[in-house]
Amino acid sequence: MSDFGGAAKPLSENPDYKIAILGVPFDEKSSYLRGAAGGPAAVRAVSTGKCYCGYTELGVNLEEDTVLVDLGDIDTSGDPDKSFALTEKAVAAILAKGATPIVIGGDHSITYPVLKAFARSFKPLDILHFDAHPDLYEDLYGDRLSHACPFARILEDGLAANVVQVGVRAITAGHRALALKNGVRMVEMKDIQDPLYLRFANPVYVSFDMDALDPAFAPGVSHHEPGGLSTRQALQVIQSLKGRIVGLDVVELNPTRDAAAITAAAAFKIIKETAGRIVRPA
Ligand code: MN
Ligand code: MN
């Protein structure tokens, strides 16, 4: 039984895969705690087919209805610039095959190189960003590539036509000004509607920072921000989304804080249900 609920197939026998898992074990741009580099291994370990089946809640069988492979991890032993370049290249190679990347971080800084690859294949592209934080800092402690900055870079480079941020609840005045200027829609926790129905006109990329979830549901993250989404609320948004999902990243899982691997299991659940929507859009 392989990982990802038994859905992951051997690459050697499936060169024409449809969905590719890619791990980016990188946490050098984390501003507070390290540990997110352990994310890909933690998700693989928890997602074993000995524990889970390949069916999503909406009835998609990831073992039968698609071809999912695990391409392993990016080599992140070099400097950050090299790790980012390798990440961008690997994502571009998956897209060049007409397949859909599912990227497991790593801290949120990896989303910028991933989106650079996406923007060349999809224009216009919409982004659905789950996070406690807008990640719109111009720089953090002088670093413009910090995990607090990817969406500032994405807007600056014009990589997205529309950005919707769901679950945000730690927002500075500067973030609000930048969001307003760039037409970013913030669905803040303080006034979120439940259920939340979203529709995207363009192909949509989903970037899921695990700290969007309440720490009660996802303690295994570096930045605990209470008052967040339940796992069920996040799944409801993904399951009901109208539009075509063309990529996903799940970032900021920090296994060093994840007693009982509960956050890794939540990350896998998000991956699984999103993969189902990639296979069968609405
Ligand atoms: Mn983030
Ligand atoms: Mn965050």
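Note that ligands are numbered from 1 as they come in the structure, with each ligand's atoms numbered from 1 the same way.
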Measure from the Mn ion (ligand 2) to every N/O/S atom of H133 and report the name of the nearest one. ND1
For the Mn ion (ligand 2), find the closest N/O/S atom on D131 and give its atom name. OD1
[X] near the Mn ion (ligand 1): N/O/S under 2.8 Å:
{"X": "H108", "value": "yes"}
{"X": "D209", "value": "yes"}
{"X": "D135", "value": "yes"}
{"X": "E252", "value": "no"}

Is any side-chain heavy atom of F84 less than 4.5 Å from a side-chain heavy atom of I74? no
Within 45° cone and under 6.0 Å: K9 NZ/CZ vs Y17 ring: no
Could you state the interatomic distance from CZ (R153) to CG (L115), rounded to the nearest 0.5 Å? 13.0 Å
Describe, in one word, how the ring planes of H108 and H129 are oriented to each other, choosing from parallel (under 30°), tilted (30 to 60°) and perpendicular (over 60°). perpendicular
Ion pair K29/D143, N-O distance below 4.0 Å: yes
